[in-house]
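Given the structure is predicted, the values throughout are model-derived calculations rather than measurements.
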Amino acid sequence: MWDVSALTIFPNIFDSFLQTSLVSKAIERNLLSFNAVNIRDFAAPPHFKVDDTPYGGGAGMVMMVEPIMKALRSVKARNPETHVVALTPGGERFTQAKAAKLSAKGSVTFICGRYEGIDQRVIDIGVDEELSVGDFVVMGGEIPAMLVIEACLRLRPDVIQNSASAEYESFSPALEDGALVEAPQYTRPDAFEGHRVPDVLLSGDHARIDKWRLERAKGKTAALKKGLCK
């Protein structure tokens, strides 16, 4: 079982995610254990405040170190070996290769920041790595955490019934060591509004099909990279 926790001030955000598709089935089959930890439960009463103004001035609020560290230590009391990830814009870029490494860990805990971010001392004291899902900023770390969880979970044993689905796809090692995106995919009907499925895919010649897919994967990847460089 993959043991996952998320430290958040909005635990209900995860409800529909956990009740949907393969994530829900993984929980039902005891392949995933998920624990949403409300950081406010570890803040001081009566207001259970989790944020304050930044030292040195500036706009916005910063999430306080003490409630987050108390919440994290409650998780570590149950599982001392959990790997702690903070979702931050300044973190290492999340990739398929990183998903494979994280999926191999027995337990992962995600810290989902809000506002202007979390006190740096949380990262210095309690975080094993920072991850970013892209060069943009969202309102909190919960959706990035869901993205990372789903990318990792599908690589765990028995989560996807047809394991070949995860072996031959964009950024997988089978596609030139993760350097390519997948070739275009088609299904029935073979013709729609004047657009036909490429004849090679209907030929039954698997060697030709494999060659076509590799060529198209290389072309699609090159076009993508060219667009990113503009």
Side-chain angles (χ1 to χ4, degrees), residues 1-15 17-19 22-45 48-52 62-115 117-133 140-160 166:
M1 178 184 292
W2 196 38
D3 179 72
V4 176
S5 296
L7 276 54
T8 172
I9 60 171
F10 296 116
N12 292 344
I13 285 181
F14 292 93
D15 288 352
F17 173 71
L18 297 171
Q19 296 167 9
L22 293 179
V23 177
S24 174
K25 291 178 180 178
I27 293 172
E28 292 174 2
R29 297 166 58 208
N30 293 321
L31 300 175
L32 171 66
S33 170
F34 184 85
N35 180 32
V37 179
N38 192 337
I39 297 170
R40 290 193 188 278
D41 291 344
F42 298 87
F48 300 97
K49 185 177 176 65
V50 297
D51 62 304
D52 211 332
V62 176
M63 293 190 70
M64 299 161 66
V65 59
E66 189 172 13
I68 297 176
M69 287 307 302
K70 285 183 176 179
L72 179 57
R73 284 167 178 157
S74 76
V75 174
K76 287 206 163 192
R78 179 176 60 86
N79 192 338
E81 302 302 318
T82 191
H83 184 79
V84 182
V85 176
L87 286 311
T88 68
E92 179 184 351
R93 178 69 65 86
F94 183 64
T95 63
Q96 188 70 14
K98 176 59 69 174
K101 290 181 180 179
L102 269 184
S103 71
K105 296 192 179 291
S107 175
V108 182
T109 297
F110 296 94
I111 299 178
C112 305
R114 283 267 159 179
Y115 314 123
I118 62 178
D119 190 301
Q120 179 64 34
R121 289 168 291 186
V122 173
I123 295 168
D124 295 341
I125 297 169
V127 169
D128 294 306
E129 64 177 323
E130 297 176 75
L131 288 180
S132 167
V133 297
E142 289 82 7
I143 291 177
M146 290 182 226
L147 185 154
V148 174
I149 291 167
E150 186 163 299
C152 294
L153 180 63
R154 64 192 301 277
L155 300 178
R156 295 278 300 179
D158 301 322
V159 171
I160 295 179

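If you take CE on Met64 and CE on Met69, they are separated by 14.0 Å, rounding to the nearest 0.5 Å. Considering NZ of Lys25 and CG of Leu31, their distance stands at 12.0 Å, rounded to 0.5 Å.
Looking at heavy atoms from C-beta onward, Phe34 lies out of side-chain contact with Val23 at the 4.5 angstrom threshold. Inter-residue side-chain proximity for Thr109 and Lys76 is flagged as unmet; no heavy-atom pair is nearer than 4.5 Å. With a 4.5 Å cut-off on side-chain heavy atoms, Ile68 and Ile111 count as touching. Residues Leu87 and Phe94 form no side-chain contact, since every pair of their non-hydrogen atoms from C-beta on lies 4.5 Å or further apart. Residues Met146 and Glu150 form no side-chain contact, since every pair of their non-hydrogen atoms from C-beta on lies 4.5 Å or further apart.
Gln120 and Asp124 form a side-chain donor-acceptor contact under 3.5 Å, judged by distance and modelled atom types alone.
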message = Using salt bridge (charged side-chain N to carboxylate O under 4.0 Å, His left out), reason through Lys101 and Glu129 one step at a time and then give a plain yes or no.
response = CA-CA 12 Å; Lys101 290 181 180 179; Glu129 64 177 323; over 6 Å; no
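In terms of heavy atoms, Val148 sits closest to Leu102 at CG1-CD1, 3.9 Å. Between Gly106 and Trp2 the shortest heavy-atom distance is O-CD1, 3.6 Å. The two residues Leu7 and Ile39 have their closest heavy-atom pair at C-CD1, 3.8 Å. In terms of heavy-atom proximity, Glu142 sits nearest to Ile13 at CB-CG2, 3.9 Å. The minimum heavy-atom distance linking Leu22 with Ile160 is given by the pair CD1-CG1, 4.1 Å. Closest of all the heavy-atom pairs between Arg78 and Ser5 is NH2-OG, 3.2 Å.
A donor-acceptor contact shorter than 3.5 Å is absent between the side chain of Arg114 and the backbone of Asp51. At distances below 3.5 Å, at least one donor-acceptor pair connects side-chain atoms of Arg156 with backbone N or O atoms of Ser103.
Just one residue in the list Asp119, Ile118, Asp52, Ile123 forms a side-chain contact (heavy atoms from CB on, under 4.5 Å) with Val65, and that residue is Asp119.
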